[in-house]
There are 2 protein chains.
Amino acid sequence: MYCDELDHVQAHKVSRNFKKNQSLFLEGASPRGVYCINEGMVKLFQRGDEGKEQIIRIAKAGEIVGFKSLFNEIPYQVTAETLEESNICFIGKEDFLDMMDANPILRKAVIKELSHELSDREDFITNMSQKSVRERLAFTFIILQKIYVKEPINLSREDLANFVGTATETLIRLLKDFKEEGIIEVHTRKISILNKEKLLFIAGK
Amino acid sequence: MYCDELDHVQAHKVSRNFKKNQSLFLEGASPRGVYCINEGMVKLFQRGDEGKEQIIRIAKAGEIVGFKSLFNEIPYQVTAETLEESNICFIGKEDFLDMMDANPILRKAVIKELSHELSDREDFITNMSQKSVRERLAFTFIILQKIYVKEPINLSREDLANFVGTATETLIRLLKDFKEEGIIEVHTRKISILNKEKLLFIAGK
DNA sequence: AATAAAAAATGATTTATATCATATTTCAAA
DNA sequence: TTTGAAATATGATATAAATCATTTTTTATT
């Protein structure tokens, strides 16, 4: 779902700059509205029992985060945190819900978005339970390339591991394998994909 | 989301009996409508690359399945199959979408249901990536008890394993452990929970 | 009731991945 | 430019869980 679907309500928007690693909202807090990313990137994650993050989604400029919980009437189950300096606008809960009531197009967009995300999560579950870490890493790179489009992927090893759902050490070892196989190119934090076909092959189906 | 929210449209309903292990719809097929379970139980699963099922959800009498894909405009990503003899009614896509346009209460119910399911799946992902099979089995029993309420859980070992996301042999061994620890009672296929507290403790958080 | 087929159970073995320990590199701040 | 801390990397080891093989039990069918 995209911010521009909310363009006709500029009036309601309050835009703000966020530094890197700043939280938009925290797991357990009460939802107050939705966040529209004008610039930057945001990771959404859940913390497991031992505090380890599981990244559920990475949202980029143009995308909206935090609206799922508006309809849930329960606290956020995920934390949203910037991955880089970002400019993000906020739309209050009441405003957003009013807009939805008034605007069938927005309504359809929300429903469609929720459905899409639901499908994504279901695929994620099946991948998580049936694929090896190597396969999941390949799949993760495919996803990340859609997010980082033409610029190199820029995530810490830990974030990458927390997206794939593995230990940081395991991730680092696999990164080395992929590098040696000529699938990726690594410059410190910046990872470029050299062979997408091979990634698709490794990821399977 | 519950069938009774659709009660005012009885006219549109076409009810039908399903035998055990019959499919309502298949992964890859085009969505034609939603299914309302009057009686019985339905498993929703995805098949992984090697054909192993990952059960995503088990729906019981009163629940609706298959509406996510209506808004997706893409084929079903899961298969729905009865776990026992069932009576299920079908509501065509057009009818359902019309009803949604006309009925704000139904609309809100759909949105709320999608949000809830999305939260469930996200928890599922975190559990899958951070918990041991033993912990996940405990958690699965908590979920199953909400579905089977007062009757014993009645699933094949394979289905149980495919819900937990593990090998059937591993599941069987854990079942034995739980039995020996007095957490569950097993009569062939029927499993009763004796100690919910302990399950909650094992499942964590 | 007898028989076959499917499901469940058990045992032995392998393997992927986590964990723990330590070294090296990168990066930010003084 | 030095210094310290955080991030990354590598090695050694442990272990949960998968896999493979076989047996036993349950269920359905004649």
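What's counted below: heavy atoms across the whole structure, side chains too, no hydrogens, waters or symmetry copies. A note on names: the letters A, B, ... follow the listed sequences, proteins ahead of strands, and every chain is numbered from 1. Quantities reported herein were computed from a predicted structural model and do not represent experimental measurements.
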**Request:** Just do the side-chain hydrogen bond (donor to acceptor under 3.5 Å, both in side chains) check on A:Arg136 and A:Asn127 with the steps written out, would you?
**Result:** CA-CA 7 Å; A:Arg136 268 146 50 206; A:Asn127 277 341; over 6 Å; no
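For residues 31-61 of chain A, the ring pair (Phe, Tyr, Trp, His ring centres under 6.0 Å) pairs, not counting sequence neighbours, are A:Phe25-A:Tyr35, A:Tyr35-A:Phe90.
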**Message:** Return a single string for nucleotides 9-24 of chain C, one symbol per nucleotide in 5' to 3' order, where B is base contact, S is sugar-phosphate-only contact and - is none, cutoff 4.0 angstrom on heavy atoms.
**Reply:** BBBB----SBBB----
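D:dA7 atom C1' lies 13 Å from atom CD1 of A:Ile191, rounded to whole Å. With rounding to whole Å, B:Arg189 atom CZ is found 15 Å from D:dT25 atom C1'. In this structure, B:Leu160 atom CG and C:dA7 atom P are separated by 14 Å, rounded to whole Å. The NZ atom of A:Lys190 sits 9 Å away from the P atom of C:dC27 (whole-angstrom rounding). Rounded to whole angstrom, the span from the CD atom of B:Glu158 across to the P atom of C:dA6 amounts to 13 Å. In this structure, NE2 of A:His187 is placed 17 Å from P of C:dT25, rounded to the nearest angstrom.
Counting all heavy atoms, side chain and backbone alike, B:Ser192 lies closest to B:Pro152 at OG-CB, 3.6 Å. Across all non-hydrogen atoms, the minimal contact from B:Phe141 to B:Ile184 is CE1-CG2, 4.2 Å.
At distances below 3.5 Å, at least one donor-acceptor pair connects side-chain atoms of B:Glu135 with backbone N or O atoms of B:Ser132.
Checked by atom type, the side-chain pair B:Gln54/A:Ser129 shows a donor-acceptor distance below 3.5 Å.
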